[in-house]
Amino acid sequence: MASIKGPGHIEPTISGSDLRIGIVHARWNTTVISPLVSGAKERMLALGVKEENITIEAVPGSYELPFAVTRLYAASQIQSSAATSGAAALDLLAGDAPDTLPNVGTKPFDAIIAIGCLIKGETMHFEYICEAVSTSLMKIQLDLGIPVIFGVLACMTDAQALARAGVTEGGHNHGLDWGEAAVEMGAKSRLWN
Ligand code: DLZ
C-alpha cells in the first residue's frame with residue numbers, strides 16, 4: 001500500500017518567481033546534507049525561484065543553524081535598506097556599506113531553510129542539540145516574522161538518514177519537500193502581510 005505520509009499537493013497558482021530564499025546548512029554528516037541541499041534547490045527552481053535569488057551558506061553543525069539564520073536574515077535586511085535608501089547608497093559608494101556580507105541580494109529573504117542532520121550516538125549530544133535547535137528555529141521564525149523551514153533530520157541510524165536524503169533505494173529526498181515548503185510559505189507570508 002502506498003504511504004499516506006507527505007505534504008500533499010501545493011496549489012498550482014503558487015510561484016516562486018519573485019521570492020528570495022536562503023538555505024543555511026550544517027556540514028556535519030555531509031553525505032546526507034549534500035543531496036538534501038540539492039533537492040531543496042532543485043524544487044525551488046522548478047517552482048520558479050530564480051537561481052540568483054537563492055543564497056546558500058554553510059555552518060559546521062546543526063547547533064550553529066539558529067544563530068546563522070538570525071544573522072543571515074539581519075544581513076539581508078541591512079543590504080536591502082542600503083539598496084533602497086539614498087543615504088545608504090552614498091555609504092555604499094564610500095565603501096561603508098556591509099559589502100563584505102555574504103551575497104544576500106537587495107531584498108530581505110522571504111523564507112530561510114535550515115538544513116541539518118543529527119544522528120543518535122552514544123552520548124546525550126543528540127538530545128541536547130535536537131531540543132535546542134528545534135525550539136530555537138521555531139522561536140526565530142515567530143520573532144523574525146518570516147518562515148523558517150525545519151530541514152533538520154533527527155535520526156536514530158545512518159540508514160534512516162540516508163533514506164530521508166533519497167540516497168538509498170526506496171528512500172525519499174526530504175530536501176524536495178523543504179524547498180516546496182519554503183516557496184509556499186514565502187509566497188503566503190507575503191499575502192498575509
Ligand atoms: C558535536 C556534534 C555531534 C556529536 N553530532 C552532530 C550531528 O549528528 N549532526 C550535526 O549537525 N552536528 C553534530 N555535532 C556538532 C554540533 O552541531 C556543533 O557543530 C558543535 O557542537 C559546535 O558547536
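All residue numbers refer to positions in the sequence shown, counting from 1. What you are looking at is a predicted structure, and each value in this text was computed from that prediction instead of being measured. Side chains included, hydrogens not; waters and symmetry mates left out as well; all remaining heavy atoms used. Numbering of ligands and ligand atoms starts at 1, following listing order.
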For this session: With a 4.0 angstrom cut-off on heavy atoms, strictly below it, pick out the residues next to ligand 1 and order them by chain and number.
Result: Trp28, Asn29, Gly61, Ser62, Tyr63, Glu64, Cys117, Leu118, Ile119, His125, Ile129
For this session: Please list all pairs passing the side chain to side chain donor-acceptor pair (under 3.5 Å) test where one or both residues lie in residues 6-18, with sequence neighbours left out.
Result: Glu11-Lys188, Ser15-Ser17, Asp18-Lys107, Asp18-Arg190
Problem set entry | With His125 via ring pair (Phe, Tyr, Trp, His ring centres under 6.0 Å) - residues at least two apart | none
Exercise. How about Tyr63: does its OH atom have over 12 heavy atoms from other parts shown lying under 6.0 Å from it?
Worked result: no
Problem set entry | Set of side-chain hydrogen bond (donor to acceptor under 3.5 Å, both in side chains) partners for Glu51, sequence neighbours left out | Lys41
Exercise. Under the 3.5 angstrom rule, does the side chain of Thr168 hit a backbone N or O of Gly171 as a donor-acceptor pair?
Worked result: no
Problem set entry | Thr135 side chain to Glu131 side chain, donor-acceptor N/O pair below 3.5 angstrom | yes
